[in-house]
Amino acid sequence: MAGWIGFAGMLMLIIGGIDMFQGLIAIFEDEYFVVTRSGYLVFDLTAWGWVMLIWGALLILAGLALLAGQGWARWFTIVVVSLNFFAQLGFLGNSNYPLWALTALALNVVVLYALTARWSESKAEITSMQ
């Protein structure tokens, strides 16, 4: 897959990897994420880690579906990357690592841009290649 769809698919693999990495850190390093004065949105950091690990795997599957050219993958990816944006936004407000969270937010925005604003260009490119 080439063009914006391929770009979005590759970014989804990266975003899923970031989320899985955050989940693994939360599972195995209890002292890595420090609770700020406002606290976490979740109560159990290990449970949050497992959720992020599974969520990251789902995002990776969405990226693979985009790269495979599945028709349903566009809307599925738009939904999951939008939800991931809000998850990362919640993490940003309760984190001592704002650069990490801002990077994840920026990647989500780029994927949304690729799948919404540039979709017709990508579809036209794919049609002309066939």
Side-chain angles (χ1 to χ4, degrees):
M1 186 67 52
W4 284 97
I5 298 172
F7 181 68
M10 292 302 295
L11 276 182
M12 286 301 292
L13 297 178
I14 293 169
I15 292 169
I18 288 172
D19 284 3
M20 287 182 75
F21 191 62
Q22 285 177 337
L24 287 172
I25 290 172
I27 291 169
F28 294 116
E29 292 290 331
D30 291 333
E31 304 299 318
Y32 188 81
F33 293 118
V34 180
V35 178
T36 62
R37 283 184 280 156
S38 60
Y40 278 105
L41 297 177
V42 295
F43 297 102
D44 183 20
L45 195 57
T46 303
W48 178 80
W50 281 106
V51 168
M52 288 304 290
L53 187 66
I54 294 166
W55 183 252
L58 184 68
L59 293 175
I60 288 173
L61 290 175
L64 291 172
L66 274 178
L67 290 172
Q70 300 295 319
W72 55 268
R74 176 189 182 206
W75 291 107
F76 178 73
T77 303
I78 289 171
V79 169
V80 295
V81 82
S82 297
L83 292 173
N84 191 60
F85 182 86
F86 288 109
Q88 292 297 330
L89 193 60
F91 183 67
L92 173 67
N94 292 303
S95 175
N96 288 331
Y97 309 101
L99 187 59
W100 177 268
L102 286 172
T103 301
L105 285 172
L107 292 174
N108 287 306
V109 169
V110 172
V111 168
L112 285 173
Y113 176 76
L115 293 178
T116 55
R118 297 294 184 175
W119 182 258
S120 59
E121 292 175 18
S122 297
K123 291 302 283 183
E125 185 178 309
I126 291 169
T127 306
S128 67
M129 291 172 61
Q130 294 175 351

Gap between atom CD1 of Ile78 and atom OG1 of Thr116 - 0.5 Å precision:
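Thr116 atom OG1 to Ile78 atom CD1 measures 6.0 Å (nearest 0.5 Å).
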Atom CG in Asn84, atom CG in Leu112: separation rounded to 0.5 Å?
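The CG atom of Asn84 sits 10.0 Å away from the CG atom of Leu112.
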Grouping I, L, V, M, F, W and Y whenever their side-chain heavy atoms are under 4.5 Å apart, do [X] and [Y] come out in a common cluster?
| X | Y | answer |
| --- | --- | --- |
| Phe28 | Ile54 | no |
| Val80 | Val110 | yes |
| Leu61 | Val51 | no |
| Val79 | Leu107 | yes |

Are side-chain heavy atoms of [X] and [Y] found at a separation under 4.5 Å?
| X | Y | answer |
| --- | --- | --- |
| Leu105 | Val109 | no |
| Leu53 | Trp50 | yes |
| Leu115 | Trp75 | no |
| Trp55 | Leu83 | yes |
| Met10 | Leu67 | yes |

Least distance between heavy atoms, [X] atom then [Y] atom:
| X | Y | result |
| --- | --- | --- |
| Asn108 | Ile15 | OD1-CD1, 3.6 Å |
| Gly23 | Met52 | CA-CB, 3.8 Å |
| Ala73 | Thr77 | O-OG1, 2.6 Å |
| Ala26 | Gly49 | CB-CA, 3.6 Å |
| Gly16 | Leu59 | CA-CB, 3.8 Å |
| Ile60 | Leu13 | O-CD2, 3.5 Å |

Considering the options Leu66, Val81, Leu58, which one meets the side-chain contact (heavy atoms from CB on, under 4.5 Å) requirement together with Phe76?
Leu58
